[in-house]
Amino acid sequence: MYKENTVEDLMRSGHFACPGCGVAIAMRLVLRALGRKTIAVIIPSCASIIAATHPHSALEIPAFHGTFETAAPTAAGISYALKIRGKSDITVVAIAGDGGTFDIGLQSLSGTADRNEHYIYVCLDNEAYMNTGIQASSATPRRAWTITTPAGRSARKKNIMEIMAAHRIPYAATASIGYPQDLMDKVQKAKGIEGTKFLHILTPCATGWRMAENLTVNAAILSVETRIFPLYEVFDGKKYGITYEPQGLPVEEYLKIQGRYRHLDAGQIERMQTETDEEWESLYRHVTDCQRKGAL
Amino acid sequence: MKKQLMSGNAALGEAAVLSGCTCYFGYPITPQNELTEYMAKRMPEVPGGTFIQSESEIAAINMVLGASVAGARAMTSSSSPGMSLKQEGISYLAADELPAVIINMVRGGPGMGNISPAQSDYLQATRGGGHGDYRTIVLAPSSVQELADAVPVAFDLADSYRNPVIILGDGMLGQMMEPVSFDHIRQEKVYPKDYILTGAKGRPARKIHSLLFDTKLEEEHNWKLFRKYKGMEQNEVRFETFLVDDAEMVVIAYGTSARIAKGAIRRLRQENLKVGLIRPITLWPFPTNIIRETATRVKDFFVFEMSTGQLIEDVRLALEGRGHIHFYGRPGGVIPTPVELFRIVSRHYYQSQQVKK
């Protein structure tokens with residue numbers, strides 16, 4: 001379905017990511033789908049390590065490294081400058097991690113979404129501050145181990161998609177490195193839409209999730225198939241659509257390959273299953289509501 | 001208890017707990033993450049201990065403000081870019097006259113910089129850092145043991161003056177491991193917390209505020225703070241001298257660079273070069289008097305710091321033109337070696353000997 005440049009790799013080898021890095025795979029896919037005419041705003045995150053340190057760069061596109069809390073407004077500023085200079089064929093993409101999106105960057109992200117500034121925001125969610133050494137963020141799921149939640153996190157994972165949908169931005173979608181075709185389709189869809197677009201991509205982290213390096217993509221696939229991280233998109237904050245129908249595997253399949261869930265007992269896994277089912281049902285209600293109203 | 005091998009960051013955490021800190025609010029930033037990690041594990045063991053990882057540095061410093069208003073011993077920590085975000089909160093703490101301890105494990109800057117040790121936040125720390133006419137006491141330890149020693153001192157200074165206190169370390173002090181003892185840390189003094197907000201049952205309501213629309217009241221408040229800072233300048237200056245008595249050249253350095261300077265001076269002494277060290281332990285209030293006194297006898301002062309020259313401004317103000325200032329700085333996260341400093345200082349030493357002849 002994607003149209004242009006999808007075979008051109010804009011990320012070179014020699015980046016600084018850990019072996020088996022999910023963020024590196026996601027960046028490669030996002031840049032492939034966006035093509036060469038792209039300016040990236042990168043903030044402190046694993047993505048900034050992958051883009052490498054000055055004067056080196058693993059990216060073949062221009063990239064600006066901004067402050068932690070302002071990926072969104074920096075991208076919006078670049079977008080305005082391009083507009084003034086009449087360069088409408090250049091895409092501006094802000095690439096941030098979950099800490100920079102869910103936590104410290106949420107205020108400025110909300111501001112740009114409220115004004116519907118023209119850029120794509122890509123959140124590469126590895127579910128903790130991995131770059132500083134695995135500290136919990138509000139994207140860390142309940143019960144997951146991190147160094148700042150040694151007994152497992154007590155709060156649930158913040159639903160960033162609902163927050164972004166509540167801004168009624170033209171396009172928001174979840175994507176996974178386990179489904180590259182779907183991911184690149186969504187990136188290209190976002191590229192063709194005017195206004196703020198938000199992509200929430202789950203990028204498993206072998207280092208922080210305490211799992212073998214060859215399991216990154218497996219974990220991504222299992223997160224979708226167990227309905228922990230369903231693939232869906234939201235148009236104008238209202239029209240929900242599921243882009244991949246998951247098998248509905250037991251969540252244990254996903255949890256058992258990760259060391260960060262090693263401390264869970266059968267009862268806790270059972271509760272994780274219940275919580276996942278509830279979230280899925282709530283999402284599915286949104287979708288069926290839309291279908292009933294004939295919105296899609 | 002026996003000495004333990006600990007990273008500087010972890011030692012800060014343990015010292016804080018033993019000093020009666022019950023509220024720690026952290027946020028990830030390298031190179032201070034070990035402190036957040038330590039507190040996440042340690043605080044649940046403390047009666048009433050609270051560890052919160054906030055969503056930003058701004059939230060963390062304002063949680064400290066809230067905890068301090070309610071009377072708790074509260075602490076937060078960060079590194080250079082995070083400290084920039086905390087400055088508004090520190091200004092409010094100073095204006096509201098609230099005690100707090102804030103740790104800055106400095107890294108290379110400006111901007112994002114890097115994660116290597118640096119001393120480039122000297123001016124930010126010693127000039128207040130945020131907006132308005134205020135000062136914070138700044139302690140500059142130079143070993144893991146001194147980091148642990150500085151924490152109870154910082155909490156006591158914060159409580160006795162009702163003012164934020166900064167502990168200025170760097171990435172090297174924070175992350176290196178050294179033997180450290182906590183035996184001496186005792187929470188002895190009890191401070192009359194007659195200003196905190198605890199509910200007004202049975203007493204008149206209290207108000208803590210820094211919003212003073214009446215310019216005369218704001219002026220009065222500023223002069224009140226000024227008098228407090230003058231008291232700190234008179235009573236809280238701390239410094240260390242090393243081989244200064246017979247010195248013909250005196251190195252002035254703090255923190256990690258003072259440690260490097262000591263290594264260099266030992267080598268210089270082996271070559272019979274009479275070099276000593278004055279090491280400010282409080283960067284604000286600055287040990288002006290000892291430098292001024294030394295200048296009656298010594299003419300050559302050598303400022304050494306891991307920045308392009310910030311401490312040098314205070315040395316210049318202290319000397320008031322009385323001595324000749326030499327300078328060597330390595331900014332950007334570079335850690336000079338004692339051998340490197342030995343070479344530079346000896347060159348300057350010989351040149352000034354030539355001038356004297």
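Side chains included, hydrogens not; waters and symmetry mates left out as well; all remaining heavy atoms used. The sequence lines fix the lettering, A, B, ..., with proteins before strands; numbering per chain opens at 1.
Classification of the A/His200-A/Phe229 ring pair by plane angle, with boundaries at 30° and 60°, yields perpendicular. In this structure, B/Tyr254 and B/Tyr122 have tilted ring planes: the angle between them lies in the 30° to 60° band. Classification of the A/Tyr261-A/Tyr254 ring pair by plane angle, with boundaries at 30° and 60°, yields tilted.
Only the side chain of B/Phe51 comes within contact range of chain A, with heavy atoms under 4.5 Å apart. For A/Ala151, no part lies under 4.5 angstrom from a heavy atom of chain B. Using a 4.5 Å cut-off between heavy atoms, A/Phe102 does not touch chain B at all. At a 4.5 Å heavy-atom cutoff, B/Ile115 makes no contact with chain A through either its backbone or its side chain. Residue contact with chain B, scored on non-hydrogen atoms closer than 4.5 Å, is absent for A/Ser138. Residue contact with chain A, scored on non-hydrogen atoms closer than 4.5 Å, involves the backbone and the side chain of B/Glu37 alike.
Ion pairing of A/Glu279 with A/Arg156 is present here, as a side-chain N (NZ or NE/NH1/NH2) and a carboxylate O approach within less than 4.0 Å.
Here the side chain of B/Ser181 pairs no donor or acceptor atom with the backbone of B/Lys3 at under 3.5 angstrom.
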